[in-house]
**Q** 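Following this message is one structure expressed as structure tokens.
Values reported hereafter were calculated over all heavy atoms of this structure, with side chains retained and with hydrogens, waters and symmetry mates removed.
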Amino acid sequence: MMFQKRKKTLEKRKYAFKTPKANSYLIVTEGKCTEPNYFNGLKKKILANVGGTVEVIDICGEGASTQKLIEITERYVSKAKIPYQNIWVVFDKDDFQNFDQAIKEGKDKGYHVAWSNQSFEYWIYLHFDYSDANLHRRKWNAKLDELFKSHGLSKDGYGKNIKNLYEILDSFDGVQTAIKNAKKRMADFSQNNKPSKYAPGTTVHILVEELREYLED
């Protein structure tokens, strides 16, 4: 037992002294479909634009609760042969009670957290229009379903299995619109605010804007 403890300690130290791979990202998302589809679309565009300038972008959709997601991220980090330079955890409030605690735990571990209250669908809605309405995620889904149909973006409306989600939303400059709308909504949010009480709200734009820097000439 003592030998195992020493081995784990040595592994942690060994990991701590490794140099992170430049321009590398680990993005761990709560959702298994929507978020990975979105970020994989952005990843594809980045790699086509800059090639080897970005060493690694690993996107993992886990389908886990908020606090469990932090534990899963920690496992990815500890098993990585070369440390990631940028570690992001993406999750929603939905109906979870430990939302604020999970954000704190993630930040305490040195991770960046891209949260949405109530759901990632609010972030997607901002690609079309600004809103500060505090709606349940089901209503955001319904609004998106209507928008996707009326704009001719998907004959089946909005769904979680749209593989080219990022490309669709970027086709009408929606991503830049979403960043602008999110900044407007979050302008009066401060560190004293509880994310669980700030609805609607999202910080996904911070991660997206950072990644889109690789698309600039």
Side-chain angles (χ1 to χ4, degrees), residues 25-46 57-77 84 86-103 105-107 109 111-128 131 135-145 147-148 153-154 156-170 174-175 178-179 181-182 185-186 195-196 198-212:
Y25 284 80
L26 171 65
I27 302 172
V28 184
T29 73
E30 174 191 347
K32 283 186 173 182
C33 297
T34 307
E35 293 93 323
N37 286 344
Y38 185 93
F39 286 108
N40 274 315
L42 179 50
K43 171 184 176 178
K44 181 180 177 182
K45 195 164 185 178
I46 289 170
I57 302 179
D58 288 335
I59 299 161
C60 312
E62 291 300 325
S65 64
T66 50
Q67 227 156 0
K68 187 70 176 176
L69 204 64
I70 302 300
E71 296 173 18
I72 292 170
T73 303
E74 194 169 15
R75 287 205 295 270
Y76 277 118
V77 170
Y84 293 95
N86 307 281
I87 301 165
W88 283 84
V89 189
V90 183
F91 56 76
D92 304 340
K93 180 182 182 295
D94 288 331
D95 294 319
F96 292 117
Q97 301 300 312
N98 59 357
F99 188 61
D100 295 320
Q101 181 60 29
I103 292 172
E105 284 184 18
K107 289 182 177 180
K109 291 180 184 296
Y111 308 152
H112 303 283
V113 179
W115 57 265
S116 296
N117 185 2
Q118 266 200 351
S119 68
F120 192 77
E121 276 66 29
Y122 172 63
W123 161 250
I124 296 176
Y125 179 84
L126 294 178
H127 289 69
F128 297 91
S131 178
L135 303 178
H136 191 274
R137 62 182 180 277
R138 287 193 297 271
K139 291 190 176 181
W140 289 121
N141 285 6
K143 282 180 173 291
L144 288 173
D145 191 56
L147 284 167
F148 271 67
L153 301 176
S154 171
D156 298 319
Y158 173 74
K160 291 185 175 295
N161 293 314
I162 301 176
K163 296 292 185 184
N164 59 337
L165 181 61
Y166 181 85
E167 292 91 330
I168 289 173
L169 296 171
D170 197 38
V175 179
I179 292 171
N181 285 334
R185 173 58 188 157
M186 301 303 290
S196 63
Y198 199 85
T202 185
T203 59
V204 174
H205 65 289
I206 300 172
L207 170 57
V208 173
E209 190 170 38
E210 184 175 310
L211 288 171
R212 278 171 64 89

**Q** Do V90 and V28 come close enough that some side-chain heavy atom pair is under 4.5 Å?
**A** no
**Q** Under the criterion side chain to side chain contact (heavy atoms under 4.5 Å, CB included), I'd like the reasoning laid out for I103 against F91: C-alpha separation, chi angles, the key distance, then a yes or no.
**A** CA-CA 9 Å; I103 292 172; F91 56 76; 3.7 Å; yes
**Q** To the nearest 0.5 angstrom, please state how far the CG atom of L144 sits from the CD atom of E121.
**A** 6.5 Å
**Q** For the side-chain contact (heavy atoms from CB on, under 4.5 Å) test, which of T73, I27, L26, T29 pairs with C60?
**A** L26
**Q** Got a donor-acceptor contact below 3.5 angstrom from the R185 side chain to the S131 backbone?
**A** no
**Q** Establish, from distance only, whether the side-chain atoms of Y122 and D92 form a donor-acceptor pair under 3.5 Å.
**A** no
**Q** So, N40 side chain and P36 main chain: donor-acceptor pair closer than 3.5 Å or not?
**A** yes
**Q** Rounded to the nearest 0.5 Å, what separation is found between the OG1 atom of T203 and the CH2 atom of W115?
**A** 6.0 Å
**Q** Just checking, any donor-acceptor pair under 3.5 angstrom between side chains of E105 and Y111?
**A** no
**Q** Contact between E167 and K45 at the side-chain level, heavy atoms closer than 4.5 Å - yes or no?
**A** no
**Q** Should E74 and K109 count as an ion pair when the cut-off is N to O under 4.0 Å?
**A** yes
**Q** Looking at Y38 versus H127, is the centre-to-centre ring distance below 6.0 Å?
**A** yes
**Q** What's the verdict on side chain to side chain contact (heavy atoms under 4.5 Å, CB included) for F120 and E30, showing C-alpha distance, side-chain angles and the deciding distance?
**A** CA-CA 10 Å; F120 192 77; E30 174 191 347; over 6 Å; no
**Q** Do the side chain of N117 and the main chain of G201 share a donor and acceptor less than 3.5 angstrom apart?
**A** no
**Q** For the pair S116 (side chain) and Q118 (backbone), establish whether a donor and an acceptor sit closer than 3.5 Å, ignoring hydrogens and angles.
**A** no
**Q** Could you check D94 against R137 for side chain to side chain contact (heavy atoms under 4.5 Å, CB included), going step by step and ending with a plain yes or no?
**A** CA-CA 7 Å; D94 288 331; R137 62 182 180 277; 3.2 Å; yes
**Q** State whether the side chain of W140 and the backbone N or O of L135 hold a donor-acceptor pair below 3.5 Å, judged by distance alone.
**A** yes
**Q** So, F39 versus Y25, ring centres under 6.0 angstrom or not?
**A** no
**Q** Could you measure the distance from the CD1 atom of I124 to the NZ atom of K143? Nearest 0.5 Å is fine.
**A** 15.0 Å
**Q** Decide if atom NZ of K43 counts as having more than 12 heavy atoms of other residues, nucleotides or ligands within a radius under 6.0 Å.
**A** yes
